[in-house]
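Following: one structure in structure tokens, then a few remarks.
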Amino acid sequence: IAVAAIGITLAAADAHLKAANLQVAQDNARFGLELMTKELRTGSGYHLLGAVCNSNRPALRFRTSSNAKRTYYQSGNTLMRIVGNRPCGRAIPLIGNDVIVDLARFEIGGENIGPSDGQPWVSISLSVRSADPKQSFESRMDIQTTVVARGRDLL
């Protein structure tokens, strides 16, 4: 009975640790996405850039409602934000060190004004995992959101 009780206790502790890692990954990914969506919703001039700041992934650049430049990109295992014309060395990480960003992808549409345009939108896809050194407790998740610009409505 004692051996079974110890086994059950260890399994419960492992499940709790895995659930805590998943919660951390979700909270960090949601925080980063929420910050981006707030700026994107009132922004304009969305466009994709090639690799920036020695990153091998495309970046997203746009102008905020106050006409300031914003750039989002994946650098290594994190998601970065450049405010204005700051150099890459002053970019700000959007997600904490306890989460690894495996993939950050941006897609845009409706940005060209014309007879067949739509409302400008940006779709953001993130694939993240917890940075737990014990891979058996590592938690992975994919999260995606699409943001529609409020600056221009369909006529």
Side-chain angles (χ1 to χ4, degrees), residues 15 17-155:
L17 185 55
K18 188 162 178 85
N21 285 343
L22 180 60
Q23 186 66 45
V24 166
Q26 285 177 341
D27 289 346
N28 272 287
R30 262 197 310 253
F31 174 80
L33 279 176
E34 200 163 314
L35 178 65
M36 286 191 289
T37 59
K38 284 180 181 179
E39 289 186 328
L40 285 165
R41 195 170 285 125
T42 58
S44 62
Y46 310 129
H47 61 279
L48 295 176
L49 303 172
V52 297
C53 300
N54 298 322
S55 170
N56 61 352
R57 306 280 314 153
L60 171 67
R61 179 169 288 160
F62 64 99
R63 294 214 171 260
T64 65
S65 59
S66 61
N67 207 30
K69 266 195 232 175
R70 290 290 185 274
T71 305
Y72 292 112
Y73 66 99
Q74 180 181 352
S75 176
N77 292 330
T78 194
L79 191 59
M80 303 296 284
R81 174 181 184 235
I82 297 176
V83 176
N85 291 320
R86 289 184 176 180
C88 293
R90 300 210 41 218
I92 304 163
L94 285 179
I95 294 181
N97 294 336
D98 43 4
V99 174
I100 295 169
V101 177
D102 289 323
L103 177 67
R105 195 176 86 213
F106 306 102
E107 194 176 334
I108 60 174
E111 70 281 1
N112 296 323
I113 297 175
S116 62
D117 72 343
Q119 196 78 357
W121 56 267
V122 177
S123 185
I124 306 163
S125 302
L126 295 178
S127 181
V128 299
R129 60 188 160 99
S130 62
D132 194 306
K134 297 179 184 176
Q135 289 188 350
S136 61
F137 299 129
E138 187 177 86
S139 298
R140 297 176 178 269
M141 66 178 256
D142 296 322
I143 188 168
Q144 178 177 342
T145 190
T146 299
V147 181
V148 178
R150 291 183 179 169
R152 177 172 48 132
D153 291 322
L154 295 173
L155 300 175

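The figures that follow rest on heavy atoms only: side chains count, while hydrogens, waters and symmetry mates do not. These figures come from a predicted structure and were not determined experimentally.
At least one side-chain heavy atom of Met36 sits less than 4.5 Å from a side-chain heavy atom of Leu79. In this structure, the side chains of Leu48 and Leu60 come closer than 4.5 Å at one or more pairs of heavy atoms. Within the 4.5 Å cutoff, the side chain of Ile82 has heavy atoms near those of the Cys53 side chain. Using a 4.5 Å heavy-atom cutoff, the side chains of Gln144 and Ser123 are in contact. Counting heavy atoms from C-beta outward, Val83 and Arg70 have side chains that approach closer than 4.5 Å. Proximity of Val128 to Asn28: side-chain heavy atoms (C-beta onward) are nowhere separated by under 4.5 Å. At least one side-chain heavy atom of Phe62 sits less than 4.5 Å from a side-chain heavy atom of Thr64.
The shortest non-hydrogen separation linking Thr42 to Lys38 is OG1-O, 3.6 Å. Across all their heavy atoms, Val148 and Arg41 have their closest contact at O-CG, 3.8 Å. Closest non-hydrogen pair, Met80 versus Ser75, comes out as CG-CB, 3.6 Å. Between Tyr72 and Leu35, the closest heavy-atom pair is OH-O, 4.2 Å. Residues Tyr46 and Pro120 share a closest heavy-atom pair of CE1-CB, 3.8 Å. Taking both residues in full, the closest heavy atoms of Gly43 and Ala149 are given as O-CB, 4.1 Å, listed atom of the first, atom of the second, then distance.
Atom CD in Gln74 sits 12.0 Å away from atom CG in Leu94 (nearest 0.5 Å). Distance check, rounded to the nearest 0.5 Å: OG1 of Thr78 to CD1 of Ile100 gives 10.0 Å.
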Inset, instruction - Show your reasoning for whether side-chain contact (heavy atoms from CB on, under 4.5 Å) applies to Gln26 and Ile143. - result: CA-CA 9 Å; Gln26 285 177 341; Ile143 188 168; over 6 Å; no
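Using a distance-only test at 3.5 Å, with no hydrogens or angles considered, a donor-acceptor pair links the side chain of Thr37 to the main chain of Glu34.
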